[in-house]
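Below you'll find the structure, written out as structure tokens, and then a few comments.
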2 protein chains.
Amino acid sequence: MRKKPKQQRSQSLVQSLIDAAAETIAEHGLAAATAARIAERAGVSVGSLYQYFESKEQIHTAVIEHIATGLRALVHAQIEQLPQKGIRDFVQDLLHEVWNFLEADDQRYLQITRHWAQLDFVQVMNGLERQMTMALAVYVMHHPPRQPVEDLPAKVYILVNSVLFTVVRYISDPAPHVTREQIIRSFAQAAAQLMNQDESR
Amino acid sequence: MRKKPKQQRSQSLVQSLIDAAAETIAEHGLAAATAARIAERAGVSVGSLYQYFESKEQIHTAVIEHIATGLRALVHAQIEQLPQKGIRDFVQDLLHEVWNFLEADDQRYLQITRHWAQLDFVQVMNGLERQMTMALAVYVMHHPPRQPVEDLPAKVYILVNSVLFTVVRYISDPAPHVTREQIIRSFAQAAAQLMNQDESR
DNA sequence: CCATAATGCGAATATTTAGTCGCATTCAAT
DNA sequence: ATTGAATGCGACTAAATATTCGCATTATGG
């Protein structure tokens, strides 16, 4: 960011640029999110845009950070309820929340998440992983299963990535032949089994 | 494709363009795979490129199709061995194969797969899903578990997408804190449990 | 060997895009 | 009210890039 926005008008200008960038990426993809288009959508001149952002990519990064904050908050809130819920319900509810989050605002965040490879989404997922690994480790310690859980970090790695990508892929799917509820149920089952917390045996 | 390449020299020209495109995407990303660069790498003029491809995107699509063929063959070969192996070993071996495939040739295919959202990779995954669903349905029919498998299509959907995306993500990860073997083992376990084929209980 | 179709070329054109710069406008402190 | 700093503007520049077109070269069938 070139200059720090000091006055209030410039701060809201920066915000409107970030919003406009998010909308543009969501509606027309990353490639279409050019400096000119973002500025126009924000009702701002390109000159002003470059007053606060070094480059086009810096705006994209700002958008990611915005999404990341939302995701982190959501996961954090759910983790607080893990002890009372147990793994299965926890995963189920978390999945519902993530799903709704990605679908909100006309799938604004979804479209952005699809371009994870080109954006710095990897950092975000690393953060989520750590958060989840800690929480699950603590939970398993307090609810020791008959058989100890092996490779817990690997399992969390799988779960976090699988959930996020599969949901993104599902929402992107024009004609999925399975239902959202089936996916969520299956994921919850898989998670519970992986943590050896499956009571139905 | 504008013209059909009839003579042998033009056919190999087309092939060299596709190869060059794959290499360019792999090494420098999708955005860098411009018409000029692809042509240069193939040792061909841009004019010739546009003689056989309507647009830059059409080359990208051709590259995808090439990868898809490889993946399909690989999965097909593994599915043949499913009956003798059982779910767990099947998934484990399949994962090793997919992993090696994506890492081969200096991760040539990996980089391409990372851009699935912008390319037509969705079709590929639909195909793989159908292939796997059929195979697993047949297997489960011949090896009925104590409890019937619910939501089989959904579970296969999860498995296929999770495996592919998680592997891609893992190979992209500059500093993963879990090992490849842990991931594979955990996935194999998850698959076996999901199909109620877990004998270790 | 000739006629004709297929192939190959790359300079030239048209478009798109990132990023800059000098000038105009607004704010905030005195 | 005045003044200097902050903000905002958008035409302009420079660089990439997609795609075309007329001409040169090469293969093929007779």
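Bear in mind the structure is a predicted one, so any value in this text is a computation, not a measurement.
Counting any heavy atom pair closer than 4.0 Å across all strands shown, B:Y52 reaches sugar-phosphate atoms only and no base atom.
Separating the CD atom of B:Q11 from the P atom of C:dA6 is a distance of 14 Å, rounded to the nearest angstrom. Here C:dA29 presents its C1' atom at 12 Å from CD of A:Q7, a figure rounded to the nearest Å. Protein atom OH of B:Y50 is 14 Å distant from nucleotide atom C1' of C:dG10, rounded to whole Å. As a whole-Å value, the separation of A:E54 CD from C:dT20 C1' is 13 Å.
Looking at B:T166, its side chain never comes within 3.5 Å of a backbone N or O of B:V163 through a donor-acceptor pair. In this structure a side-chain-to-backbone donor-acceptor pair under 3.5 Å is present from B:H143 to B:Y139. In this structure a side-chain-to-backbone donor-acceptor pair under 3.5 Å is present from A:K155 to A:E150.
Within the model, atoms CG of A:L30 and CZ of A:R114 stand 12.0 Å from one another, a figure rounded to the nearest 0.5 Å. Note: A:E54 CD to A:Y52 OH = 13.5 Å, rounded to the nearest 0.5 Å. Put simply, CG on A:L74 and NE2 on A:H96 are 13.0 Å apart, with the number rounded to the nearest 0.5 Å. With values rounded to the nearest 0.5 angstrom, B:R169 atom CZ is found 9.5 Å from A:L164 atom CG.
Inter-residue side-chain proximity for A:L119 and A:T61 is flagged as unmet; no heavy-atom pair is nearer than 4.5 Å.
Residues passing the ring-ring contact (aromatic ring centres under 6.0 Å, His included) test with B:F101 are B:Y109, sequence neighbours excluded. Shown here are the side-chain contact (heavy atoms from CB on, under 4.5 Å) partners of B:S16, two or more places apart in sequence or in another chain: B:A42, B:V44. Scored by the side-chain contact (heavy atoms from CB on, under 4.5 Å) test, B:A191 finds B:I87, B:V91, B:L159 as partners (sequence neighbours excluded).
Within a heavy-atom distance below 4.0 Å of DNA chain D, the residues of residues 32-49 of chain A found are A:V44, A:S45, A:V46, A:G47, A:S48. Taking every heavy atom of residues 57-64 of chain A and every atom of DNA chain D, no pair lies under 4.0 Å.
Bracketed by its first and final contacts, the part of DNA chain D lying under 4.0 Å from non-hydrogen atoms of chain A reaches from D:dA6 to D:dA11 in 5' to 3' order.
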